[in-house]
Amino acid sequence: MLSGMAAGAGLVMIGQSRAASAAQTGTGRAWWKEAVIYEIYPRSFKDSNGDGIGDLPGILEKLPYIRDLGVDTIWLAPIFQSPNRDNGYDISDYRAIMPEFGTMDDFERLMAKASSLGIRIIMDLVVNHTSDQHPWFQKSRASKDSPYRDYYIWRDSAQGHPPNNWPSVWGGSAWAFEPETASSYLHLFSPQQPDLNWDNPAVREEVFSIMKFWLDKGVSGFRMDVITMISKMPSFRDMTPEELKAPEYVYAAGPHLHTYLREMNDRVLSHYDVMTVGEAYGMHAQDIPLFTDSARRELDMVFAFDIVHVDRQGWRKVAWPLSKLKEIYAAAGRPRSPDSWNTVFLDNHDQPRAVSRFGNDSAPFREVSAKAIGTMLLTQCGTPFIYQGEELGMTNLPFDGLDDFEDVQVPLQWDTRVKRQGVDPDAFLESLKGLGRDNARSPMQWDASRHAGFTTAEKPWYRVNPNYTEINAQDCVSNAGSVYHYFRDLIALRRKYPALIYGTYQDQDPDHSAVFFYSRQLESSKILILINMSDRGFTYDTPLLARASLLLSNMRHRGVTQDVTWLAPWEARVYRA
Ligand code: GLC
Ligand code: CA
């Protein structure tokens, strides 16, 4: 257990049991509600030993940078042993550190240093599936009589025919045929990621024991990878044509999901003061309280996917109107249940870069729009998650063609969409450029030196965005008007005004097509947030601002005036009413 933490206003001391802090959750306060969380994708964060791959000592070296931003909690994307078909989301040993990232000693040093800086660490729990290289699966596939056979989901497959029509969420059949035992195993993701059989109590025991292993090392919780998919439909019937359009909703509708999460909570989570955030892939917004209502004792928060879908139709990237974003935040701002809590995120390792997607990454607007959407991220209802580089306004990566993508999902989707369904290759590639996960996975841009200061190797594991000479941390940190410093000020503001954390939400102008104007209110403390979400400037006058005082603005960042009724492109202001 860590001790003596200063983070999160210290409302709930680490080490205290969940039971003792329960009174502070409810509709009350909790450290994870007040946290600002920073996601690290270790492979691309900082390479310390010149092999071109980010690693744990690299993260340790950069902890002061993260702390200076004002962040108090880090989510580490998977750091466990893995053959890296899906960059660590295919785990072959849950209790070992990926050798490329370092050793268990490195991890313990990282934890100790983080703790001394008041930073908590949460880990990625990837237990819907393992790697096909995991010893459980090796034994499971070897023989029908192995005690591990039932750790995974096998069905007899006559002549290699898949047992049903279920697709992998990335394309192709969700079944892989193994001629040795004339049967197929289920993989909702790539064939190298076989799904675990959660209906087997031994599997659940294994998972709980893995969780305890890391919690006992002092980690402060878990982000749970595709946790919605752990319970499978018992009949394994074919999906209907309608269901096949969005199979993730079928995969997330397993009958025992909530039972298993409750069991996990009772057996493990309730014994520690930790936070959990589940990836709610395939979950309808109205079902989210089933996870997050604290009375149900399942998870603390989830990542809802409405924001992810806002500019997608199937594989296609589409325009998103501001009205859609407003609806999403308005719904999130209406308490969905007596006590449930949200997350707010625009970016992560599976998404394109926020500024390229929700702002405008062209030269005149990049910085100002990165600050504008950052204002939204840090003032909406819920615990905010920042993805590495978002605080610099890092942008999408240029792609010339299919070969520039590294993501395991790309060839699988290409096969399905272009080769089998006949989607126009150019149109598909265009969408992929805008939506592809590789956009977020290029190395962190630390400075203007070769490879952005990410590595001293000849070649980093993946391409550095060529714009690193203009967009990098060193430059941002030394420039008081940068995106980094604006994020820093926003985080400080959030800590200063509890209304920004616990306040109610009200959209003040739901019908405006370019202005996002909303309030957060806690008792008599009221904060107004005004953002021009467009490339044009215009006059915007509202009596609500007459007696309000400006706390922060991305135009006159640090120099404060307020008489203006002119809203410049992507101007954002935060007022105290
Ligand atoms: C989640 C992860 C993603 C991974 C997938 C399969 O969506 O965020 O990166 O590929 O699960 O584990
Ligand atoms: Ca390295």
Side-chain angles (χ1 to χ4, degrees), residues 39-62 75-80 82-92 94 97-103 106 123-132 134 168-171 174 186-196 222-230 248 251-252 277-283 302-305 308 343 345 347-352 385 387 405-413 435-441 443-444 451 453-462:
E39 182 193 353
I40 293 182
Y41 197 66
R43 204 170 187 78
S44 294
F45 194 60
K46 173 71 184 158
D47 175 22
S48 72
N49 63 351
D51 65 354
I53 298 170
D55 46 48
L56 298 183
I59 298 173
L60 184 134
E61 178 192 325
K62 295 297 181 184
W75 152 27
L76 281 183
I79 58 166
F80 316 99
S82 159
N84 282 308
R85 287 298 303 217
D86 189 18
N87 291 347
Y89 284 93
D90 49 329
I91 296 171
S92 52
Y94 289 90
I97 303 289
M98 188 184 312
E100 288 170 332
F101 288 179
T103 62
D106 290 327
M123 299 195 110
D124 224 303
L125 186 71
V126 187
V127 288
N128 172 70
H129 45 265
T130 69
S131 160
D132 63 348
H134 195 292
S168 146
V169 294
W170 293 336
L186 182 74
H187 61 87
L188 299 186
F189 294 86
S190 80
Q192 292 78 25
Q193 292 166 300
D195 280 53
L196 282 166
F222 298 103
R223 175 266 185 186
M224 299 186 184
D225 192 64
V226 290
I227 197 69
T228 43
M229 301 193 170
I230 56 175
E248 65 269 27
Y251 294 143
V277 53
E279 191 191 19
Y281 187 36
M283 196 47 58
V302 299
F303 295 122
F305 269 63
V308 170
T343 60
F345 70 98
D347 217 344
N348 63 39
H349 67 282
D350 291 331
Q351 302 302 322
F385 286 73
Y387 179 69
F405 290 86
E406 194 277 339
D407 184 354
V408 59
Q409 159 185 320
V410 169
L412 294 169
Q413 288 181 329
L435 292 174
R437 309 197 296 179
D438 287 318
N439 281 305
R441 298 179 178 184
M444 178 76 175
H451 304 321
F454 162 71
T455 181
T456 54
E458 257 329 290
K459 225 176 152 219
W461 80 274
Y462 191 50

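Every number for a ligand or one of its atoms is a count from 1 in the order of the listing.
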field: Audit row: M123, I79, side-chain contact (heavy atoms from CB on, under 4.5 Å) steps and yes/no
entry: CA-CA 8 Å; M123 299 195 110; I79 58 166; 3.4 Å; yes
task: Determine yes or no for a side-chain-to-main-chain donor-acceptor pair under 3.5 angstrom, with H134 supplying the side chain and Q193 the backbone.
output: no
message: Taking ring-ring contact (aromatic ring centres under 6.0 Å, His included) as the definition, give me every residue that meets it alongside Y41, ordered by chain and number, with sequence neighbours left out.
response: H349
task: Indicate, as side chain, backbone, both or neither, the part of H349 found under 4.0 angstrom from ligand 1 when only non-hydrogen atoms are considered.
output: side chain
- prompt: For the residue pair F345 and F303, does the interplanar ring angle fall in the parallel (under 30°), tilted (30 to 60°) or perpendicular (over 60°) class?
  reply: perpendicular
field: D407 bridged to R437 by N-O distance under 4.0 Å
entry: yes
task: Would you mind running through ligand 1 and noting each atom that sits below 4.0 Å from a heavy atom of W170?
output: 10 (O)
H129 neighbourhood, listing ligand 1 atoms whose heavy-atom distance to it stays under 4.0 Å: 6 (C), 12 (O)
- line: atom 11 (O) of ligand 1 has as its nearest protein heavy atom D225 OD1, 2.8 Å
- request: Among V226, V308, D350, L188, find the residue that satisfies the side chain to side chain contact (heavy atoms under 4.5 Å, CB included) test when tested with Y281.
  value: V226
message: Counting the benzene-type ring for Trp, do Y89 and W170 have ring centres under 6.0 Å apart?
response: no
- request: Taking ring-ring contact (aromatic ring centres under 6.0 Å, His included) as the test, write out the residues that go with F45, two or more places apart.
  value: W446
message: Is there a side-chain contact between K62 and I40 in this structure, where contact means two heavy atoms from C-beta onward sitting under 4.5 Å apart?
response: no
statement: The atoms of ligand 1 lying under 4.0 Å from a heavy atom of R441, numbered in the order shown, are 9 (O)
- prompt: Who pairs with E61 by side chain to side chain contact (heavy atoms under 4.5 Å, CB included), at least two apart in sequence or on another chain?
  reply: K46
field: Per-atom contacts of ligand 1 with E279, taking only distances under 4.0 Å to non-hydrogen atoms
entry: 1 (C), 7 (O), 8 (O), 11 (O)
- prompt: Closer than 3.0 Å to the Ca ion (ligand 2), how many protein N/O/S atoms do you count?
  reply: 5
Heavy-atom nearest neighbour in the protein, as seen from atom 8 (O) of ligand 1, with distance rounded to 0.1 Å: D350 OD2, 2.4 Å
message: Out of all atoms in ligand 1, which are within 4.0 Å of some heavy atom of R437? Include the element for each.
response: 3 (C), 4 (C), 9 (O), 10 (O)
query: Closest non-hydrogen protein atom to atom 4 (C) of ligand 1, residue and atom name please, with distance?
result: D86 OD2, 3.3 Å
message: Within the 4.0 Å heavy-atom shell around R223, which atoms of ligand 1 are there?
response: 2 (C), 8 (O)
query: Taking the side chain as C-beta and beyond, is there a heavy-atom pair between N128 and D195 under 4.5 Å?
result: yes
